[in-house]
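No hydrogens, no waters, no symmetry mates; every other heavy atom, side chains included, goes into these values. If you read the sequence from its start, that first residue is 1, and numbering goes on from there. Bear in mind the structure is a predicted one, so any value in this text is a computation, not a measurement.
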Amino acid sequence: MLFDDQPSPKLVGIARLAASSDLLEAKKQVEYLELETRRFIGRGSGRMRSIFTINPYRGCEFGCKYCYARYAHEFMELRDPELFERKIYAKRFHAPWFRDEVRRIKPGETIWLGTATDPYQPAERRFRITRRMLEAFEGERGLVLGITTKSDLVARDAELLARIGRKNAVSVHLTITTLDEALARLLEPRAPRPALRVAAVRKLTGAGVRVGVLAHPMMPLINDSEESIDAVCAAAAASGACSFSANPLFLKPCAQRVFFPFLEQHFPHLLRRYKERYQANAYLKGHYPEMIRERVQKALSRHALAAREAVEWPVDEQLELFGSPTLHRKVDRV
Ligand code: SF4
């Protein structure tokens, strides 16, 4: 066994209340910048060449401690990993160009929205780029469109997604790593609370949109207990989701620079073992992935859900496919 079972520390009293408080406004400054973009839709490479990818934003304000997309900012010489959460680049949207790109996609082909950063992060409330991109799909037919997000804001577009889904295969994949609000606030500090994400699943499925729930990443001895996996799976099933999956944490060196100090602060008893496992390899191998597969399988059978179809994400390629980072201007600051 890679990690011995040890209970995670429980927050109590005012600490727990504080950790589960609704976020009213981020105090840390965030800059929104507009990124000049010539091409909005990218392609995977190699075996993933057949998948198109779209990411309306670069950087992500949700600030998940395990996020591996942080290194995309290094391409802009933004080497402090925290800048990924504070300098958010919104692509300057040009509807006619985008529609031209969409029209070139043939029926039966697959498009993933949000492969590198969250398309429904707070910037979307202001700039509505994801919304405007989706509107371009309304006239299309025969496409396979998948969206991944950690935000309940996706429910805003429930009706639009249902309309697109009448002529295309549309599915939304909401990430819910835990139902424990205090733990979620630690791991995903500015992402919507798990209860809001569950409510979004309900609203989308109520509108007739297919929804899958993703419980990854599974972090050893943090959110990977059988009870926790089962609880998320049960909430997914009760909200009408059609699939559920969970994979072990993948921790690239850029993510380790944030995740290890996070462990040191909140889970110091786990730091040494995480370092031993992840410093040599970003993936966990051996018994652990097998154990997670078994726990997921048990939950799936208990709640009569299907496993999410295996889709490999062209993440690394996509990060290279953003528009030129040198052409941007600051558009807002909060
Ligand atoms: S929501 Fe996704 S892209 Fe955003 S910080 Fe979290 S893991 Fe990274």
Side-chain angles (χ1 to χ4, degrees), residues 2-30 59-74 78-88 117-118 121-122 150-151 175-195 197 215-225 227-229 232 246-284 288 292:
L2 285 171
F3 286 80
D4 303 329
D5 272 327
Q6 277 194 8
S8 10
K10 288 279 177 224
L11 295 175
V12 292
I14 188 70
R16 185 174 182 86
L17 286 174
S20 60
S21 302
D22 285 345
L23 186 68
L24 296 175
E25 193 181 32
K27 296 293 179 206
K28 193 159 58 171
Q29 283 202 326
V30 175
C60 182
E61 210 171 322
F62 287 158
C64 304
K65 298 300 179 187
Y66 49 75
C67 180
Y68 55 75
R70 292 177 189 275
Y71 78 92
H73 265 39
E74 291 179 12
L78 299 171
R79 301 204 174 272
D80 175 351
E82 293 230 335
L83 291 176
F84 178 80
E85 308 166 19
R86 286 194 269 126
K87 278 188 179 288
I88 309 297
T117 57
D118 202 301
Q121 57 177 291
K150 208 166 270 170
S151 174
T175 301
I176 305 175
T177 50
T178 174
L179 294 187
D180 181 328
E181 308 257 319
L183 179 59
R185 183 51 47 84
L186 286 181
L187 293 166
E188 301 149 355
R190 287 177 295 283
R193 292 183 291 115
R197 297 182 224 173
H216 22 271
M218 283 286 115
M219 290 157 270
L221 300 178
I222 294 178
N223 68 332
D224 65 341
S225 70
E227 296 71 30
S228 177
I229 294 172
V232 179
N247 293 322
L249 174 67
F250 158 66
L251 208 57
K252 286 171 86 106
C254 65
Q256 292 174 14
R257 284 167 60 202
V258 173
F259 198 73
F260 288 162
F262 163 78
L263 284 180
E264 191 165 19
Q265 190 180 355
H266 296 285
F267 300 90
H269 60 291
L270 297 179
L271 180 62
R272 181 181 55 79
R273 278 174 292 173
Y274 267 78
K275 281 189 168 171
E276 282 168 8
R277 307 304 178 227
Y278 280 107
Q279 272 176 340
N281 196 326
Y283 293 90
L284 282 182
Y288 188 77
I292 293 300

Query raised in the report: Does L249 reach the side chain of M218, with side-chain heavy atoms less than 4.5 Å apart?
Result: no
Query raised in the report: What residues, two or more places apart in sequence or in another chain, satisfy side chain to side chain donor-acceptor pair (under 3.5 Å) together with E276?
Result: R272
Query raised in the report: Are any non-hydrogen side-chain atoms of M219 and L270 less than 4.5 angstrom apart?
Result: no
Query - Student check: side-chain heavy atoms of I222 and L187 closer than 4.5 Å - result: yes
Report summary line: Of all heavy-atom pairs linking P192 and S151, the shortest is CG-CA, 3.7 Å
**Report entry** Distance, nearest 0.5 Å, that separates NZ of K87 from CD of E61
**Finding:** 13.5 Å
Query raised in the report: Hey, what do you get for CD (E82) to NE2 (H73), rounding to the nearest 0.5 Å?
Result: 12.0 Å
Report summary line: Closest non-hydrogen contact found for H216 with N247 is ND1-N, 3.0 Å
Query - Min side-chain heavy-atom separation D80-R86 under 4.5 Å - result: yes
**Report entry** Under the side chain to side chain contact (heavy atoms under 4.5 Å, CB included) test, residues paired with P194 that sit two or more places apart
**Finding:** I176, L179, E181, A184
Report task. Using ring-ring contact (aromatic ring centres under 6.0 Å, His included) as the criterion, list what pairs up with F259, not counting sequence neighbours. Result -> F262, Y274
Query raised in the report: Got a second to check how far N223's CG is from L186's CG, nearest 0.5 Å?
Result: 12.0 Å
Query raised in the report: At what distance, to the nearest 0.5 angstrom, does NZ of K150 lie from CZ of R190?
Result: 12.0 Å
Query raised in the report: Which residues pass the side chain to side chain donor-acceptor pair (under 3.5 Å) test with E188, sequence neighbours left out?
Result: Y66, T177, R197
Report task. Taking the side chain as every heavy atom from C-beta outward, state whether T117 and I88 have any pair of such atoms under 4.5 Å apart. Result -> no
Report summary line: For Q279, the side chain to side chain contact (heavy atoms under 4.5 Å, CB included) test, sequence neighbours excluded, returns Q256, F260, K275
Requested in this report: Please examine the side chains of Y278 and P253, heavy atoms only from C-beta on, and report whether any two atoms are closer than 4.5 Å.
Outcome: no
Query raised in the report: Could you give the distance from CG (L263) to NE2 (H269), rounded to the nearest 0.5 Å?
Result: 9.0 Å
Query raised in the report: Which atom pair, heavy atoms only, marks the closest approach of F62 to A191?
Result: CD2-CA, 3.5 Å
Query - Pairing residues for C67 by the side chain to side chain contact (heavy atoms under 4.5 Å, CB included) criterion, not counting sequence neighbours - result: C64, A69, R70, F84
Requested in this report: Could you tell me whether the side chain of P220 reaches within less than 4.5 Å of the side chain of L284, counting heavy atoms only?
Outcome: yes
